[in-house]
Enquirer: 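Following this message is one structure expressed as structure tokens.
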Amino acid sequence: MLDTIYQSIIAGNAPKAVEGVQQALEAGHPPGEILNRAMIAAMAEVGRRFEAQECFVPEMLIAARAMQEGLKVLRPHLVAADIKPVGKAVLGTVKGDLHDIGKNLVGMMLEGTGLEVLDLGVDVSPEQFVEAVQEHRPRFVGMSALLTTTMPGIRATIEALEEAGLRDQVTVMVGGAPVTQQFAEEVGADLYAPDASSAANRAKAALETA
Ligand code: B12
């Protein structure tokens, strides 16, 4: 069953991916297992094929659509219901970068910890992050970058927050496939997480020690 989801995402067959997720949930598979073993694994395989030039951007795009449709079904099961907001998080993919699957997952998992998530979407400039922080006064600012060429957007945003006098008021979280703990430290971020569930755990820990 998990293999059907995995194959459907790679093939970009959204209806079949959706059906697979529904069936796996009905059969009692834990949502985290469906997510990690079938869905994220499929996107990793698509990335590998792209790198090996076995597939190209259109295939990557339809695979991403199938993933997003499947996630819509999984979402209510990942996000615990009836949680009172414990604070806000502003989240976005940095300027020039259109990848949003990982960011969306991080958003869902943060919601699961009780944070209210304000998603700025993709291609978010440092100025847009600053404006959102001014307007919403969040506890966390999360930035996602999937391209080595857009990673500098993280540093630029942290600098813009400093210039606006807002840096000390927020906990900056960063992530995305090319982002590392070392990079996070170099650019002066507060938190790095390699995946969505550890992002939620680290945010929770930061809230508890505050
Ligand atoms: C799907 C995909 C696309 C889709 C994106 C659709 C969408 N709506 O997101 C499309 C087709 C649009 C696309 C386009 C491109 N892509 Co692309 N894409 C991918 C692919 C296959 C999967 C990404 C993904 O969704 N992974 C699944 C999610 C769940 O994982 P994730 O994003 O890493 O997120 C997790 C963690 O990183 C972390 N995380 C993520 N964000 C955050 C944020 C915070 C705050 C925290 C704490 C944690 C965190 O938690 C997440 C969940 O666990 C990757 C391959 C890969 N291995 O990453 C290439 C990849 C990222 N793409 C790549 C490239 C080159 C491109 C293009 C330049 C291709 C082109 N020639 O046009 C364009 C660029 C477009 C742009 N300006 O952004 C390269 C990047 C190479 C590099 N080193 O820079 C990759 C690595 C493929 C490859 N192996 O070469 N892509």
Side-chain angles (χ1 to χ4, degrees), residues 5-6 9-12 14 17 31-32 34-72 74-75 78 89-113 115 117-125 129 138-154 157-158 170-181 183-184 187 189-206:
I5 303 170
Y6 177 85
I9 291 177
I10 293 176
I34 301 173
L35 177 65
N36 291 312
R37 289 196 28 213
M39 305 177 83
I40 292 183
M43 292 314 287
E45 172 60 12
V46 171
R48 190 202 62 74
R49 290 186 189 182
F50 179 75
E51 216 164 324
Q53 298 194 331
E54 290 165 19
C55 85
F56 301 93
V57 174
E59 286 93 342
M60 220 156 54
L61 200 56
I62 56 165
R65 281 205 199 116
M67 169 99 179
Q68 305 265 33
E69 291 303 312
L71 278 177
K72 282 187 199 158
L74 202 60
R75 185 189 165 97
L78 288 172
V90 158
L91 196 60
T93 301
V94 296
K95 194 170 169 56
D97 202 321
L98 303 177
H99 296 85
D100 67 357
I101 296 174
K103 165 189 69 67
N104 295 346
L105 274 173
V106 171
M108 286 180 207
M109 297 304 277
L110 290 180
E111 278 178 9
T113 69
L115 282 162
V117 175
L118 303 147
D119 190 341
L120 306 181
V122 296
D123 192 21
V124 182
S125 67
F129 274 109
R139 167 66 205 274
F140 295 96
V141 174
M143 282 179 262
S144 181
L146 262 285
L147 300 171
T148 42
T149 49
T150 57
M151 284 167 74
I154 293 180
T157 304
I158 293 176
V170 290
T171 300
V172 173
M173 306 176 66
V174 298
V179 177
T180 58
Q181 176 69 41
F183 175 81
V187 297
D190 302 303
L191 277 178
Y192 159 76
D195 57 58
S197 55
S198 50
N201 287 337
R202 284 169 203 186
K204 220 164 149 185

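Note: hydrogens, waters and symmetry copies are ignored here, and every other heavy atom, side chains too, is used. Each ligand, and each atom within it, is numbered from 1 in the order the structure gives.
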Enquirer: Number the atoms of ligand 1 from 1 as they appear, then name those within less than 4.0 Å of a heavy atom of Glu51, with their elements.
Expert: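 So the atoms of ligand 1 that pass are 89 (N).
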
Enquirer: With a 4.0 Å cut-off, would you call Lys72 and Glu69 a salt bridge?
Expert: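 Salt bridge flag = yes for Glu69 with Lys72.
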
Enquirer: Could you give the distance from NE2 (His99) to CG (Leu147), rounded to the nearest 0.5 Å?
Expert: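 Going from the NE2 atom of His99 to the CG atom of Leu147 covers 5.0 Å.
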
Enquirer: Does the N or O separation between Met173 and ligand 1 drop below 3.5 Å for any pair?
Expert: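 No, since none of the N or O atoms of Met173 sits under 3.5 Å from an N or O of ligand 1.
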
Enquirer: Please check: side-chain N/O of Asp190 versus main-chain N/O of Val172, any donor-acceptor pairing under 3.5 Å?
Expert: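 Yes: the side chain of Asp190 pairs with the backbone of Val172.
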
Enquirer: Polar contacts were defined as any N/O atom of the residue lying under 3.5 Å from an N/O atom of the ligand; does this apply to Tyr192 and ligand 1?
Expert: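 No; every N/O pair is 3.5 Å or more apart.
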
Enquirer: Measure Val174 to ligand 1 on non-hydrogen atoms and call it side chain, backbone, both or neither using the 4.0 Å cut-off.
Expert: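 Val174 to ligand 1: backbone contact only, side chain stays beyond 4.0 Å.
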
Enquirer: Checking contacts here: is it the side chain or the backbone of Leu105 that comes within 4.0 Å of ligand 1, counting heavy atoms only? Could be both or neither.
Expert: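 Side chain only.
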
Enquirer: So is Thr149 polar-close to ligand 1, meaning N/O to N/O under 3.5 Å?
Expert: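 No; every N/O pair is 3.5 Å or more apart.
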
Enquirer: Ile40 and side chain to side chain contact (heavy atoms under 4.5 Å, CB included): which partner among Ile9, Leu105, Ile101?
Expert: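 Single pass found, and it is Leu105.
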
Enquirer: For the pair Asp100 (side chain) and Lys103 (backbone), establish whether a donor and an acceptor sit closer than 3.5 Å, ignoring hydrogens and angles.
Expert: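 Flag not set: sc Asp100 to bb Lys103 has no pair under 3.5 Å.
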
Enquirer: Look at atom 17 (Co) of ligand 1 and say which protein heavy atom is nearest, naming residue and atom and giving the distance to 0.1 Å.
Expert: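 Protein heavy atom at minimum distance: His99 NE2, 2.3 Å.
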
